[in-house]
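To find a chain, count down the sequence lines: A is the first, B the second, and so on, and within it residues start at 1.
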There are 2 protein chains.
Amino acid sequence: MQRPITVSERNFLNISVDCVVFGFDDNQLKVLLIEQDKLSETHIPMSALPGDHVYIGEDLDEAANRVLKELTGIQGLYLKQFHAFGNPDRTKGEKDSQWLRQVRKDPDAHIVTIGYYSLVRMEDFNPVASSFAKNTDWVDVNDIPDLAFDHNEILDYALEHLRADTENNHISFELLPKKFTLGQLQQLHELILDKKLDKRNFRKSIKKLDELIPLNEKQTGVYHKPAQLYSFERNEDK
Amino acid sequence: MQRPITVSERNFLNISVDCVVFGFDDNQLKVLLIEQDKLSETHIPMSALPGDHVYIGEDLDEAANRVLKELTGIQGLYLKQFHAFGNPDRTKGEKDSQWLRQVRKDPDAHIVTIGYYSLVRMEDFNPVASSFAKNTDWVDVNDIPDLAFDHNEILDYALEHLRADTENNHISFELLPKKFTLGQLQQLHELILDKKLDKRNFRKSIKKLDELIPLNEKQTGVYHKPAQLYSFERNEDK
DNA sequence: ACAAAAGTGTTGGAGATACACCCATGA
DNA sequence: TCATGGGTGTATCTCCAACACTTTTGT
(Lines give C-alpha, C1' and ligand atoms only; values in the text may rest on other atoms or scores of the structure.)
Protein backbone atom coordinates (compact mmCIF):
# COMPACT_ATOMS: atom_id res chain seq x y z
CA MET A 1 0.00 0.00 0.00
CA GLN A 2 1.22 3.39 -1.00
CA ARG A 3 2.17 5.67 1.86
CA PRO A 4 0.58 9.09 1.44
CA ILE A 5 3.04 11.91 0.95
CA THR A 6 2.69 14.83 3.31
CA VAL A 7 3.13 18.51 2.67
CA SER A 8 6.20 18.71 4.83
CA GLU A 9 8.14 16.62 2.38
CA ARG A 10 7.76 19.39 -0.14
CA ASN A 11 7.45 17.17 -3.08
CA PHE A 12 6.07 17.81 -6.51
CA LEU A 13 4.55 15.91 -9.33
CA ASN A 14 5.82 16.86 -12.77
CA ILE A 15 5.27 15.76 -16.31
CA SER A 16 7.92 15.25 -18.92
CA VAL A 17 8.19 13.74 -22.37
CA ASP A 18 10.96 11.45 -23.59
CA CYS A 19 11.66 10.91 -27.26
CA VAL A 20 13.01 7.70 -28.72
CA VAL A 21 14.22 8.63 -32.19
CA PHE A 22 15.27 5.59 -34.18
CA GLY A 23 17.60 6.38 -37.04
CA PHE A 24 18.65 4.10 -39.84
CA ASP A 25 21.01 4.14 -42.73
CA ASP A 26 21.57 1.27 -45.09
CA ASN A 27 22.68 -1.21 -42.54
CA GLN A 28 22.27 0.18 -39.07
CA LEU A 29 19.49 0.90 -36.66
CA LYS A 30 20.43 3.46 -34.05
CA VAL A 31 18.87 5.57 -31.37
CA LEU A 32 19.47 9.24 -30.77
CA LEU A 33 20.90 9.80 -27.30
CA ILE A 34 22.15 12.90 -25.60
CA GLU A 35 25.05 13.12 -23.23
CA GLN A 36 24.49 15.17 -20.13
CA ASP A 37 26.70 18.16 -19.53
CA LYS A 38 29.34 17.66 -16.87
CA LEU A 39 28.24 19.92 -14.09
CA SER A 40 30.90 19.54 -11.43
CA GLU A 41 34.06 17.69 -10.50
CA THR A 42 32.23 14.79 -8.98
CA HIS A 43 29.43 14.58 -11.47
CA ILE A 44 29.58 11.64 -13.84
CA PRO A 45 27.57 12.54 -16.92
CA MET A 46 25.25 9.87 -18.29
CA SER A 47 23.64 9.25 -21.61
CA ALA A 48 19.91 9.68 -21.83
CA LEU A 49 16.98 9.94 -24.16
CA PRO A 50 16.16 13.49 -25.13
CA GLY A 51 13.43 14.52 -22.73
CA ASP A 52 12.31 17.40 -20.59
CA HIS A 53 9.38 18.94 -18.79
CA VAL A 54 6.07 19.68 -20.41
CA TYR A 55 5.05 23.31 -20.05
CA ILE A 56 1.84 24.29 -18.40
CA GLY A 57 -0.75 24.78 -21.11
CA GLU A 58 1.23 22.83 -23.65
CA ASP A 59 -0.13 19.85 -25.53
CA LEU A 60 1.84 16.63 -25.07
CA ASP A 61 2.55 16.14 -28.77
CA GLU A 62 3.79 19.70 -29.06
CA ALA A 63 5.93 19.28 -26.00
CA ALA A 64 7.58 16.22 -27.49
CA ASN A 65 8.43 18.14 -30.65
CA ARG A 66 9.66 21.18 -28.76
CA VAL A 67 11.83 19.21 -26.35
CA LEU A 68 13.42 17.22 -29.12
CA LYS A 69 14.19 20.40 -31.00
CA GLU A 70 15.62 22.16 -27.96
CA LEU A 71 17.98 19.35 -27.10
CA THR A 72 19.00 18.10 -30.52
CA GLY A 73 17.89 20.68 -33.08
CA ILE A 74 15.76 18.07 -34.82
CA GLN A 75 12.28 19.07 -35.83
CA GLY A 76 9.44 18.29 -38.15
CA LEU A 77 9.18 14.59 -37.61
CA TYR A 78 6.21 12.50 -36.65
CA LEU A 79 6.43 11.50 -33.00
CA LYS A 80 4.08 8.80 -31.85
CA GLN A 81 3.04 8.46 -28.24
CA PHE A 82 3.38 4.93 -26.92
CA HIS A 83 3.26 4.79 -23.10
CA ALA A 84 3.30 6.73 -19.85
CA PHE A 85 5.86 5.81 -17.21
CA GLY A 86 5.07 6.82 -13.66
CA ASN A 87 7.02 4.72 -11.21
CA PRO A 88 7.84 7.15 -8.38
CA ASP A 89 11.34 5.69 -8.11
CA ARG A 90 12.16 6.07 -11.75
CA THR A 91 14.30 9.16 -11.11
CA LYS A 92 15.67 8.17 -7.72
CA GLY A 93 18.93 6.48 -8.68
CA GLU A 94 21.99 8.07 -7.13
CA LYS A 95 23.42 9.48 -10.33
CA ASP A 96 19.97 10.59 -11.38
CA SER A 97 19.40 12.48 -8.14
CA GLN A 98 22.78 14.13 -8.43
CA TRP A 99 21.97 15.32 -11.92
CA LEU A 100 18.52 16.54 -10.97
CA ARG A 101 19.86 18.51 -8.01
CA GLN A 102 21.94 20.53 -10.42
CA VAL A 103 19.43 21.19 -13.13
CA ARG A 104 16.07 21.26 -11.37
CA LYS A 105 14.49 23.41 -8.74
CA ASP A 106 12.61 20.42 -7.38
CA PRO A 107 15.02 17.52 -7.78
CA ASP A 108 12.95 15.23 -5.60
CA ALA A 109 9.78 15.64 -7.60
CA HIS A 110 7.89 12.64 -8.81
CA ILE A 111 8.17 12.87 -12.58
CA VAL A 112 5.71 11.07 -14.79
CA THR A 113 6.97 10.86 -18.34
CA ILE A 114 5.16 10.25 -21.61
CA GLY A 115 7.15 8.24 -24.14
CA TYR A 116 7.22 9.10 -27.86
CA TYR A 117 9.01 7.43 -30.69
CA SER A 118 9.85 8.09 -34.28
CA LEU A 119 11.88 6.66 -37.13
CA VAL A 120 14.02 8.63 -39.56
CA ARG A 121 16.75 8.22 -42.12
CA MET A 122 19.83 9.40 -40.30
CA GLU A 123 21.14 11.27 -43.32
CA ASP A 124 18.07 13.49 -43.34
CA PHE A 125 18.73 14.86 -39.88
CA ASN A 126 21.79 16.31 -38.35
CA PRO A 127 21.39 16.61 -34.59
CA VAL A 128 23.15 19.45 -32.80
CA ALA A 129 23.27 19.43 -29.01
CA SER A 130 21.98 22.39 -27.06
CA SER A 131 20.34 23.23 -23.74
CA PHE A 132 21.50 20.72 -21.12
CA ALA A 133 22.67 18.26 -23.77
CA LYS A 134 26.42 18.36 -24.21
CA ASN A 135 26.56 15.99 -27.13
CA THR A 136 24.23 13.97 -29.26
CA ASP A 137 24.99 10.48 -30.48
CA TRP A 138 23.44 7.92 -32.74
CA VAL A 139 23.99 4.71 -30.81
CA ASP A 140 23.41 1.24 -32.22
CA VAL A 141 20.33 -0.40 -30.71
CA ASN A 142 22.40 -3.46 -29.91
CA ASP A 143 24.95 -1.45 -28.02
CA ILE A 144 23.01 0.77 -25.67
CA PRO A 145 24.86 1.74 -22.50
CA ASP A 146 23.35 2.28 -19.06
CA LEU A 147 21.08 5.26 -19.44
CA ALA A 148 19.79 7.80 -16.98
CA PHE A 149 16.54 7.23 -15.10
CA ASP A 150 14.46 4.36 -16.49
CA HIS A 151 15.43 5.20 -20.05
CA ASN A 152 16.63 1.69 -20.83
CA GLU A 153 13.16 0.42 -20.02
CA ILE A 154 11.52 3.15 -22.06
CA LEU A 155 13.76 2.33 -24.99
CA ASP A 156 12.94 -1.38 -24.83
CA TYR A 157 9.29 -0.56 -24.78
CA ALA A 158 9.64 1.76 -27.77
CA LEU A 159 11.45 -0.94 -29.70
CA GLU A 160 8.62 -3.37 -29.05
CA HIS A 161 6.15 -0.87 -30.42
CA LEU A 162 8.33 -0.16 -33.44
CA ARG A 163 8.52 -3.89 -34.21
CA ALA A 164 4.81 -4.42 -33.83
CA ASP A 165 4.08 -1.48 -36.12
CA THR A 166 6.58 -2.76 -38.66
CA GLU A 167 5.09 -6.26 -38.76
CA ASN A 168 1.71 -4.79 -39.54
CA ASN A 169 3.04 -2.34 -42.11
CA HIS A 170 1.74 0.48 -39.97
CA ILE A 171 5.12 1.92 -39.62
CA SER A 172 5.78 2.96 -43.05
CA PHE A 173 3.48 5.74 -44.04
CA GLU A 174 3.49 7.26 -40.61
CA LEU A 175 7.10 7.17 -39.71
CA LEU A 176 9.05 7.09 -42.91
CA PRO A 177 10.56 10.05 -44.68
CA LYS A 178 10.72 11.10 -48.29
CA LYS A 179 11.62 8.72 -51.03
CA PHE A 180 13.23 5.35 -50.96
CA THR A 181 13.75 2.19 -52.95
CA LEU A 182 12.02 -1.03 -52.08
CA GLY A 183 15.40 -2.52 -51.33
CA GLN A 184 16.08 0.13 -48.74
CA LEU A 185 12.65 -0.33 -47.24
CA GLN A 186 13.24 -4.04 -46.99
CA GLN A 187 16.61 -3.53 -45.34
CA LEU A 188 14.91 -1.29 -42.85
CA HIS A 189 12.29 -3.88 -42.01
CA GLU A 190 15.01 -6.48 -41.65
CA LEU A 191 16.96 -4.24 -39.31
CA ILE A 192 13.97 -3.54 -37.15
CA LEU A 193 12.68 -7.09 -37.04
CA ASP A 194 16.17 -8.49 -36.85
CA LYS A 195 15.56 -11.19 -39.44
CA LYS A 196 15.88 -11.76 -43.18
CA LEU A 197 12.83 -11.32 -45.36
CA ASP A 198 12.10 -12.82 -48.75
CA LYS A 199 12.45 -10.19 -51.46
CA ARG A 200 9.55 -11.21 -53.65
CA ASN A 201 7.18 -11.77 -50.77
CA PHE A 202 8.16 -8.49 -49.18
CA ARG A 203 7.45 -6.64 -52.40
CA LYS A 204 4.14 -8.36 -52.85
CA SER A 205 2.92 -7.38 -49.40
CA ILE A 206 4.24 -3.85 -49.53
CA LYS A 207 2.77 -3.17 -52.95
CA LYS A 208 -0.68 -3.93 -51.63
CA LEU A 209 -0.57 -0.77 -49.55
CA ASP A 210 -2.21 2.01 -51.47
CA GLU A 211 -0.23 4.57 -49.53
CA LEU A 212 2.79 3.47 -51.55
CA ILE A 213 3.37 5.83 -54.44
CA PRO A 214 5.80 5.07 -57.26
CA LEU A 215 7.64 8.23 -58.24
CA ASN A 216 8.71 9.21 -61.76
CA GLU A 217 12.23 8.88 -60.67
CA LYS A 218 15.02 6.39 -60.49
CA GLN A 219 18.07 5.95 -58.40
CA THR A 220 21.20 7.52 -59.86
CA GLY A 221 24.89 7.13 -59.25
CA VAL A 222 24.78 3.45 -58.34
CA TYR A 223 26.87 0.93 -60.22
CA HIS A 224 24.09 -1.53 -60.68
CA LYS A 225 20.59 -1.47 -62.09
CA PRO A 226 19.00 1.69 -60.75
CA ALA A 227 15.91 1.17 -58.62
CA GLN A 228 12.50 2.75 -58.86
CA LEU A 229 11.92 5.31 -56.14
CA TYR A 230 8.81 5.31 -54.02
CA SER A 231 7.23 7.53 -51.47
CA PHE A 232 4.50 7.14 -48.88
CA GLU A 233 1.44 9.28 -48.99
CA ARG A 234 1.27 11.25 -45.78
CA ASN A 235 -2.17 11.26 -44.28
CA GLU A 236 -1.76 14.34 -42.24
CA ASP A 237 1.60 15.97 -42.38
CA LYS A 238 2.04 19.04 -40.36
CA MET B 1 -1.76 13.91 11.27
CA GLN B 2 -1.14 15.47 7.95
CA ARG B 3 -3.42 14.80 5.09
CA PRO B 4 -2.11 13.69 1.72
CA ILE B 5 -1.58 16.44 -0.78
CA THR B 6 -2.26 16.28 -4.43
CA VAL B 7 -0.34 18.23 -6.99
CA SER B 8 -3.08 20.70 -7.39
CA GLU B 9 -2.06 22.54 -4.29
CA ARG B 10 1.49 23.19 -5.33
CA ASN B 11 1.49 23.26 -9.04
CA PHE B 12 -0.56 24.01 -12.07
CA LEU B 13 0.24 21.00 -14.11
CA ASN B 14 -1.57 18.02 -12.70
CA ILE B 15 -1.86 14.36 -13.45
CA SER B 16 -4.96 12.30 -13.20
CA VAL B 17 -6.10 8.85 -14.24
CA ASP B 18 -9.39 8.01 -15.89
CA CYS B 19 -10.81 4.51 -15.88
CA VAL B 20 -12.96 3.08 -18.64
CA VAL B 21 -14.55 -0.01 -17.14
CA PHE B 22 -16.48 -1.99 -19.72
CA GLY B 23 -19.10 -4.28 -18.24
CA PHE B 24 -21.03 -6.98 -20.00
CA ASP B 25 -23.83 -9.31 -19.24
CA ASP B 26 -25.34 -11.76 -21.66
CA ASN B 27 -26.40 -9.24 -24.23
CA GLN B 28 -25.11 -5.84 -23.34
CA LEU B 29 -21.85 -3.98 -23.36
CA LYS B 30 -21.84 -1.06 -20.98
CA VAL B 31 -19.47 1.44 -19.46
CA LEU B 32 -19.28 2.43 -15.84
CA LEU B 33 -19.96 6.14 -15.45
CA ILE B 34 -20.29 8.29 -12.39
CA GLU B 35 -22.66 11.16 -11.95
CA GLN B 36 -21.20 14.25 -10.39
CA ASP B 37 -22.67 15.51 -7.15
CA LYS B 38 -24.86 18.56 -7.50
CA LEU B 39 -22.91 21.25 -5.76
CA SER B 40 -25.07 24.32 -6.00
CA GLU B 41 -28.34 25.69 -7.34
CA THR B 42 -26.87 26.60 -10.69
CA HIS B 43 -24.62 23.61 -11.10
CA ILE B 44 -25.72 21.07 -13.70
CA PRO B 45 -24.13 17.75 -12.82
CA MET B 46 -22.63 15.77 -15.67
CA SER B 47 -21.74 12.16 -16.17
CA ALA B 48 -18.09 11.29 -16.35
CA LEU B 49 -15.61 8.47 -16.31
CA PRO B 50 -14.32 7.66 -12.84
CA GLY B 51 -11.08 9.58 -12.58
CA ASP B 52 -9.10 11.69 -10.17
CA HIS B 53 -5.67 13.00 -9.33
CA VAL B 54 -2.61 10.86 -8.96
CA TYR B 55 -0.88 11.30 -5.62
CA ILE B 56 2.70 12.35 -5.39
CA GLY B 57 4.84 9.26 -5.05
CA GLU B 58 2.11 7.01 -6.34
CA ASP B 59 2.57 4.69 -9.30
CA LEU B 60 0.13 5.24 -12.15
CA ASP B 61 -1.27 1.72 -12.10
CA GLU B 62 -1.86 1.96 -8.38
CA ALA B 63 -3.49 5.33 -8.77
CA ALA B 64 -5.92 3.94 -11.33
CA ASN B 65 -6.92 1.16 -8.95
CA ARG B 66 -7.23 3.50 -5.98
CA VAL B 67 -9.27 6.10 -7.82
CA LEU B 68 -11.67 3.54 -9.21
CA LYS B 69 -12.14 2.11 -5.74
CA GLU B 70 -12.68 5.49 -4.12
CA LEU B 71 -15.35 6.56 -6.58
CA THR B 72 -17.15 3.31 -7.25
CA GLY B 73 -16.04 0.80 -4.62
CA ILE B 74 -14.77 -1.51 -7.33
CA GLN B 75 -11.39 -3.08 -6.83
CA GLY B 76 -9.19 -5.95 -7.79
CA LEU B 77 -9.55 -5.76 -11.52
CA TYR B 78 -6.88 -5.58 -14.17
CA LEU B 79 -6.64 -2.05 -15.52
CA LYS B 80 -4.65 -1.60 -18.70
CA GLN B 81 -3.08 1.72 -19.59
CA PHE B 82 -3.83 2.78 -23.15
CA HIS B 83 -3.10 6.47 -23.75
CA ALA B 84 -2.23 9.82 -22.22
CA PHE B 85 -4.42 12.81 -22.99
CA GLY B 86 -2.86 16.22 -22.53
CA ASN B 87 -4.72 18.81 -24.55
CA PRO B 88 -4.60 21.93 -22.35
CA ASP B 89 -8.20 22.75 -23.25
CA ARG B 90 -9.55 19.36 -22.32
CA THR B 91 -10.95 20.65 -19.00
CA LYS B 92 -11.89 24.13 -20.14
CA GLY B 93 -15.51 23.66 -21.16
CA GLU B 94 -17.91 25.88 -19.27
CA LYS B 95 -19.57 23.14 -17.27
CA ASP B 96 -16.20 21.57 -16.63
CA SER B 97 -14.76 24.79 -15.26
CA GLN B 98 -17.79 25.29 -13.06
CA TRP B 99 -17.35 21.83 -11.60
CA LEU B 100 -13.63 22.23 -11.08
CA ARG B 101 -14.08 25.54 -9.29
CA GLN B 102 -16.14 23.74 -6.69
CA VAL B 103 -14.02 20.68 -6.13
CA ARG B 104 -10.47 21.83 -6.84
CA LYS B 105 -8.16 24.37 -5.34
CA ASP B 106 -6.68 25.17 -8.72
CA PRO B 107 -9.56 24.79 -11.13
CA ASP B 108 -7.56 26.30 -13.96
CA ALA B 109 -4.74 23.80 -13.79
CA HIS B 110 -3.66 21.99 -16.90
CA ILE B 111 -4.56 18.37 -16.22
CA VAL B 112 -2.89 15.59 -18.12
CA THR B 113 -4.75 12.33 -17.73
CA ILE B 114 -3.68 8.75 -18.24
CA GLY B 115 -6.41 6.47 -19.61
CA TYR B 116 -6.95 2.94 -18.32
CA TYR B 117 -9.49 0.37 -19.34
CA SER B 118 -10.82 -2.93 -18.16
CA LEU B 119 -13.54 -5.43 -18.89
CA VAL B 120 -15.67 -7.23 -16.32
CA ARG B 121 -18.83 -9.22 -16.00
CA MET B 122 -21.29 -6.78 -14.55
CA GLU B 123 -22.76 -9.30 -12.16
CA ASP B 124 -19.38 -9.76 -10.49
CA PHE B 125 -19.15 -6.15 -9.41
CA ASN B 126 -21.56 -3.95 -7.64
CA PRO B 127 -20.47 -0.34 -7.85
CA VAL B 128 -21.30 1.99 -4.98
CA ALA B 129 -20.77 5.71 -5.40
CA SER B 130 -18.64 7.61 -2.96
CA SER B 131 -16.33 10.61 -2.77
CA PHE B 132 -17.48 13.18 -5.34
CA ALA B 133 -19.50 10.62 -7.25
CA LYS B 134 -23.19 10.89 -6.48
CA ASN B 135 -24.24 7.87 -8.46
CA THR B 136 -22.76 5.18 -10.57
CA ASP B 137 -24.35 3.87 -13.75
CA TRP B 138 -23.70 1.15 -16.24
CA VAL B 139 -24.48 2.88 -19.53
CA ASP B 140 -24.81 1.10 -22.87
CA VAL B 141 -21.86 1.87 -25.16
CA ASN B 142 -24.27 2.80 -27.92
CA ASP B 143 -26.07 5.28 -25.74
CA ILE B 144 -23.38 7.39 -24.14
CA PRO B 145 -24.44 10.93 -23.23
CA ASP B 146 -22.29 14.04 -23.33
CA LEU B 147 -19.63 13.48 -20.75
CA ALA B 148 -17.48 15.84 -18.75
CA PHE B 149 -14.13 17.01 -20.08
CA ASP B 150 -12.87 15.04 -23.07
CA HIS B 151 -14.27 11.81 -21.68
CA ASN B 152 -16.20 10.99 -24.84
CA GLU B 153 -12.95 11.01 -26.74
CA ILE B 154 -11.20 8.93 -24.11
CA LEU B 155 -14.02 6.42 -24.21
CA ASP B 156 -13.87 6.12 -28.00
CA TYR B 157 -10.18 5.53 -27.80
CA ALA B 158 -10.62 2.87 -25.13
CA LEU B 159 -13.20 1.11 -27.26
CA GLU B 160 -10.77 0.99 -30.17
CA HIS B 161 -8.18 -0.63 -27.97
CA LEU B 162 -10.68 -3.09 -26.58
CA ARG B 163 -11.69 -4.11 -30.10
CA ALA B 164 -8.11 -4.51 -31.28
CA ASP B 165 -7.30 -6.67 -28.26
CA THR B 166 -10.40 -8.75 -28.81
CA GLU B 167 -9.61 -9.45 -32.46
CA ASN B 168 -6.24 -10.79 -31.46
CA ASN B 169 -7.56 -12.81 -28.56
CA HIS B 170 -5.43 -10.76 -26.25
CA ILE B 171 -8.36 -9.59 -24.34
CA SER B 172 -9.50 -12.70 -22.81
CA PHE B 173 -6.93 -13.92 -20.39
CA GLU B 174 -5.96 -10.45 -19.33
CA LEU B 175 -9.28 -8.83 -18.87
CA LEU B 176 -11.77 -11.56 -18.22
CA PRO B 177 -13.02 -12.71 -14.87
CA LYS B 178 -13.64 -16.11 -13.37
CA LYS B 179 -15.50 -18.76 -15.24
CA PHE B 180 -17.67 -18.64 -18.28
CA THR B 181 -19.13 -20.75 -21.04
CA LEU B 182 -17.87 -20.57 -24.59
CA GLY B 183 -21.27 -19.26 -25.61
CA GLN B 184 -20.93 -16.36 -23.22
CA LEU B 185 -17.43 -15.67 -24.43
CA GLN B 186 -18.63 -15.64 -28.00
CA GLN B 187 -21.48 -13.28 -27.16
CA LEU B 188 -18.96 -11.01 -25.55
CA HIS B 189 -16.73 -10.97 -28.60
CA GLU B 190 -19.75 -10.29 -30.77
CA LEU B 191 -20.80 -7.42 -28.54
CA ILE B 192 -17.39 -5.86 -28.60
CA LEU B 193 -16.75 -6.32 -32.29
CA ASP B 194 -20.35 -5.56 -33.15
CA LYS B 195 -20.72 -8.46 -35.57
CA LYS B 196 -21.83 -12.08 -35.64
CA LEU B 197 -19.25 -14.81 -35.41
CA ASP B 198 -19.47 -18.41 -36.56
CA LYS B 199 -19.88 -20.72 -33.58
CA ARG B 200 -17.70 -23.58 -34.77
CA ASN B 201 -14.94 -21.35 -36.04
CA PHE B 202 -14.99 -19.29 -32.89
CA ARG B 203 -14.61 -22.39 -30.76
CA LYS B 204 -11.79 -23.68 -32.92
CA SER B 205 -9.78 -20.50 -32.59
CA ILE B 206 -10.42 -20.00 -28.92
CA LYS B 207 -9.56 -23.59 -28.04
CA LYS B 208 -6.12 -23.12 -29.49
CA LEU B 209 -5.23 -20.76 -26.66
CA ASP B 210 -3.52 -22.70 -23.97
CA GLU B 211 -4.58 -20.16 -21.40
CA LEU B 212 -8.08 -21.58 -21.72
CA ILE B 213 -8.76 -24.06 -18.95
CA PRO B 214 -11.79 -26.35 -18.93
CA LEU B 215 -13.18 -26.65 -15.42
CA ASN B 216 -14.72 -29.72 -13.85
CA GLU B 217 -17.96 -27.96 -13.75
CA LYS B 218 -21.07 -27.40 -15.78
CA GLN B 219 -23.67 -24.74 -15.97
CA THR B 220 -26.69 -25.35 -13.76
CA GLY B 221 -30.17 -23.99 -13.64
CA VAL B 222 -30.57 -23.45 -17.35
CA TYR B 223 -33.41 -25.02 -19.28
CA HIS B 224 -31.25 -26.33 -22.06
CA LYS B 225 -28.15 -28.46 -22.34
CA PRO B 226 -25.78 -27.24 -19.65
CA ALA B 227 -22.51 -25.87 -20.95
CA GLN B 228 -18.98 -26.69 -19.95
CA LEU B 229 -17.42 -23.94 -17.87
CA TYR B 230 -14.01 -22.55 -18.64
CA SER B 231 -11.58 -20.21 -17.04
CA PHE B 232 -8.54 -18.31 -18.21
CA GLU B 233 -5.22 -18.84 -16.59
CA ARG B 234 -4.05 -15.58 -15.14
CA ASN B 235 -0.43 -14.88 -15.92
CA GLU B 236 0.20 -12.56 -13.06
CA ASP B 237 -2.76 -11.80 -10.90
CA LYS B 238 -2.23 -9.30 -8.21
C1' DA C 1 32.96 -8.84 -69.20
C1' DC C 2 31.93 -8.55 -64.69
C1' DA C 3 29.95 -7.24 -60.27
C1' DA C 4 26.04 -5.73 -57.95
C1' DA C 5 21.46 -5.03 -56.73
C1' DA C 6 16.72 -4.68 -59.26
C1' DG C 7 12.96 -6.93 -60.68
C1' DT C 8 9.60 -10.74 -61.54
C1' DG C 9 5.61 -15.83 -60.86
C1' DT C 10 4.37 -20.19 -59.44
C1' DT C 11 3.50 -23.88 -56.29
C1' DG C 12 2.29 -26.07 -51.82
C1' DG C 13 0.65 -25.83 -47.27
C1' DA C 14 -1.62 -23.77 -43.37
C1' DG C 15 -5.11 -21.35 -41.60
C1' DA C 16 -9.57 -19.04 -42.14
C1' DT C 17 -14.29 -19.34 -43.70
C1' DA C 18 -18.72 -21.32 -44.79
C1' DC C 19 -22.07 -24.47 -43.58
C1' DA C 20 -26.18 -28.29 -40.82
C1' DC C 21 -27.39 -31.47 -37.70
C1' DC C 22 -27.86 -34.05 -33.13
C1' DC C 23 -27.70 -33.49 -27.82
C1' DA C 24 -28.96 -32.57 -22.99
C1' DT C 25 -31.74 -30.16 -20.03
C1' DG C 26 -35.97 -27.61 -17.71
C1' DA C 27 -40.44 -26.23 -18.56
C1' DT D 1 -42.55 -33.21 -26.18
C1' DC D 2 -40.86 -28.92 -27.06
C1' DA D 3 -37.95 -24.99 -26.86
C1' DT D 4 -33.34 -23.57 -26.07
C1' DG D 5 -28.64 -23.07 -26.47
C1' DG D 6 -24.55 -26.69 -26.46
C1' DG D 7 -21.69 -29.16 -29.08
C1' DT D 8 -19.31 -31.19 -33.28
C1' DG D 9 -16.51 -32.05 -38.75
C1' DT D 10 -15.58 -31.25 -43.57
C1' DA D 11 -14.81 -28.94 -48.00
C1' DT D 12 -13.20 -24.80 -49.97
C1' DC D 13 -10.64 -20.72 -50.40
C1' DT D 14 -7.38 -17.29 -49.28
C1' DC D 15 -3.12 -15.89 -47.69
C1' DC D 16 1.68 -16.70 -46.64
C1' DA D 17 6.19 -19.07 -47.47
C1' DA D 18 9.53 -21.03 -50.31
C1' DC D 19 12.19 -20.75 -54.25
C1' DA D 20 15.84 -19.02 -59.21
C1' DC D 21 16.66 -16.58 -62.98
C1' DT D 22 16.98 -12.34 -66.10
C1' DT D 23 17.86 -7.19 -66.35
C1' DT D 24 20.25 -2.88 -66.03
C1' DT D 25 23.70 -0.08 -64.80
C1' DG D 26 28.84 1.43 -63.52
C1' DT D 27 33.41 -0.05 -63.40
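Separating the CG atom of B:N201 from the P atom of D:dG9 is a distance of 14 Å, rounded to the nearest angstrom. Distance A:R203 CZ to D:dC16 P: 18 Å, rounded to the nearest Å. Atom CD in B:Q228 sits about 13 Å away from atom P in C:dT25, given to the nearest Å. For B:L185 and D:dG7, the CG to P distance is 12 Å, given to the nearest whole Å. For the pair B:I206 CD1 and D:dG6 C1', the interatomic distance rounds to 16 Å; values are reported in whole Å.
Comparing C:dA24, D:dG26, D:dA18 against the side chain of B:P226 picks out C:dA24 as the nearest. Between C:dT8, C:dG7, D:dG6, one nucleotide has an atom nearer to the side chain of A:K207 than all others, and that is C:dT8. Here the side chain of B:K225 is nearest to one of D:dG7, C:dA18, C:dA6, namely D:dG7. For A:H224, taking side-chain heavy atoms from C-beta onward, the closest of the listed nucleotides D:dG7, C:dA27, C:dA4 is C:dA4. Of the candidates C:dT25, D:dC19, C:dA6, the closest approach to any side-chain atom of A:R200 belongs to D:dC19. In this structure, of C:dT8, D:dG7, D:dT27, it is C:dT8 that holds the atom nearest to the side chain of A:K199. Which of D:dC16, C:dA27, D:dG9 sits closest to the side chain of A:K208 comes down to D:dC16.
For the side chain to side chain contact (heavy atoms under 4.5 Å, CB included) test with B:L68, the passing option among B:P127, B:S118, B:C19 is B:C19; the others fail. Of the residues listed (A:T91, A:D150, A:D18), the one engaging A:T113 in a side chain to side chain donor-acceptor pair (under 3.5 Å) is A:D18, and it is the only one.
Residue B:Q219 is out of contact with every strand shown, counting any heavy-atom pair closer than 4.0 Å. No engagement by A:K218 is indicated, since no non-hydrogen atom pair under 4.0 Å with the nucleic acid exists.
Between A:R163 and A:D156, no side-chain nitrogen of the basic residue sits less than 4.0 Å from a carboxylate oxygen of the acidic one, so the salt-bridge criterion is not met.
Between A:F149 and A:F85, a ring centre-to-centre spacing not shorter than 6.0 Å is recorded.
Looking at A:D165 and A:Y117, their side chains do bring a donor and an acceptor atom within 3.5 Å of each other.
The base of C:dT17 sits with one of its N or O atoms less than 3.5 Å from a complementary donor or acceptor on the side chain of B:K204.
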